[in-house]
Amino acid sequence: MEKSLFFRYKTQTTILHKVPASIKLVAMLALAIIAFYTPIMHGVCIWLALLAFSKIVLKFSFAEIISDLKPTLSYTVLLYSATLIMNILDYFSKNVQSTSIITIFKPNAAYTLLLVHLALSMEISSLFFRTTSITEFKNGIAKIERLITKKEKAPLSETITLTFFFIPRITSFYTRISNAWKARDGKDSIRKILVLIPLLLKLSMQDGYEKSLAIMNRN
């Protein structure tokens, strides 16, 4: 289960693993921005091509691919639910019953475009994080920082590395406490959220504090 966590580094010797982290980082940021200006059909085709690339070339498992798709799937459910509610209210409040009721289930075009852009951007990020270790990421950031500041020390790289790689750790924490909840016959309910969220915040803050102390000690 741990190997398929969200955006977790996968040890491999693929062509993308061998690309220097600094180059991958610059490319990821540039492509993620470009992704939000891509036409919807082009975006869908590129997204599907990246999924195929992840599976065939990078040897990602289906569990790893699905794990990285979860944020996009969550936003899809959220935005479509909001669209459905608005369509229902619009259908009955404006007395447009003459229109086919099927229109209620029509997705919002703006939301669809946003989701395609989000999915494409997330997949680009997934390719980076799955093929770049923490050490490689830190060294890549440090190299870029030294190039910009013209100084030997790169203190910003520590902070950025900690920030970027804290997201997968939060997901790891939630997976563990959620599994523990289910092991005790806990149900998916409001009570689960009320119990697990404070615990997640506590674990995340504790981990962040310990990591910051470790960085201070190394410096």
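If you read the sequence from its start, that first residue is 1, and numbering goes on from there.
Between Val19 and Lys24, the shortest heavy-atom contact is O-CE, 3.2 Å. Heavy atoms only, all atoms of each residue included: Ser121 and Ala35 are closest at N-CB, 4.1 Å. The nearest pair of heavy atoms linking Glu123 to Leu51 is OE1-CD2, 3.4 Å. Across Thr14 and Val57, no two heavy atoms sit closer than the pair CG2-O, 3.7 Å. Ser125 and Met28 make their closest contact through CA-SD, 4.0 Å (heavy atoms, listed as atom of the first residue, atom of the second, distance). Taking all atoms of both residues into account, the shortest heavy-atom contact from Ala21 to Gly140 is CB-CA, 4.2 Å.
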Gln12 and Thr131: side chain to side chain contact (heavy atoms under 4.5 Å, CB included), yes or no, with the steps?
-> CA-CA 8 Å; Gln12 290 280 11; Thr131 60; over 6 Å; no

What do the steps show when you test Tyr9 against Arg130 for side chain to side chain contact (heavy atoms under 4.5 Å, CB included), and what is the final call?
-> CA-CA 4 Å; Tyr9 174 67; Arg130 289 283 185 187; over 6 Å; no

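By the 4.5 Å heavy-atom criterion applied to side chains, Met122 and Tyr75 are not counted as neighbours. The shortest side-chain heavy-atom distance between Phe60 and Leu127 falls under the 4.5 Å cut-off. Taking the side chain as every heavy atom from C-beta outward, Val77 and Ser81 approach each other to under 4.5 Å. At least one side-chain heavy atom of Leu50 sits under 4.5 Å from a side-chain heavy atom of Leu120.
To the nearest 0.5 Å, the span separating CG on Leu16 from OG on Ser54 amounts to 9.0 Å. Atom CG of Leu194 sits about 13.0 Å away from atom CG of Leu199, to the nearest 0.5 Å. With rounding to the nearest 0.5 angstrom, the NE2 atom of His117 is 11.0 Å from the OG1 atom of Thr112. Between atom OG of residue Ser126 and atom CG of residue Leu69 there is a gap of 8.0 Å, rounded to the nearest 0.5 Å. Remark: Ile124 CD1 to Ile46 CD1 distance equals 8.0 Å, nearest 0.5 Å. Taking OG1 from Thr83 and NZ from Lys106, the interatomic distance works out to 11.5 Å, rounded to the nearest 0.5 Å.
Cluster annotation: Phe62 and Phe53 are assigned to distinct hydrophobic clusters (Ile/Leu/Val/Met/Phe/Trp/Tyr, side-chain heavy-atom contacts under 4.5 Å, transitive). Under a hydrophobic-cluster definition in which Ile, Leu, Val, Met, Phe, Trp and Tyr are linked whenever side-chain heavy atoms come within less than 4.5 Å, directly or via other members, Trp47 and Met41 are assigned to the same cluster.
Counted within 6.0 Å of CZ on Arg146, heavy atoms from surrounding residues, nucleotides or ligands total more than 12; the atom is thus considered enclosed. Applying the 6.0 Å contact sphere to CZ of Phe105 captures no more than 12 heavy atoms from other residues, nucleotides or ligands. Shown here is Lys192, whose NZ atom has more than 12 heavy atoms of other residues, nucleotides or ligands within 6.0 Å.
Aromatic rings of Phe137 and Phe128 (six-membered ring for Trp) have centroids within the 6.0 Å cut-off, being under it.
Screening Lys10, Lys55, Lys59 for a side-chain hydrogen bond (donor to acceptor under 3.5 Å, both in side chains) involving Glu64 leaves a single residue, Lys10.
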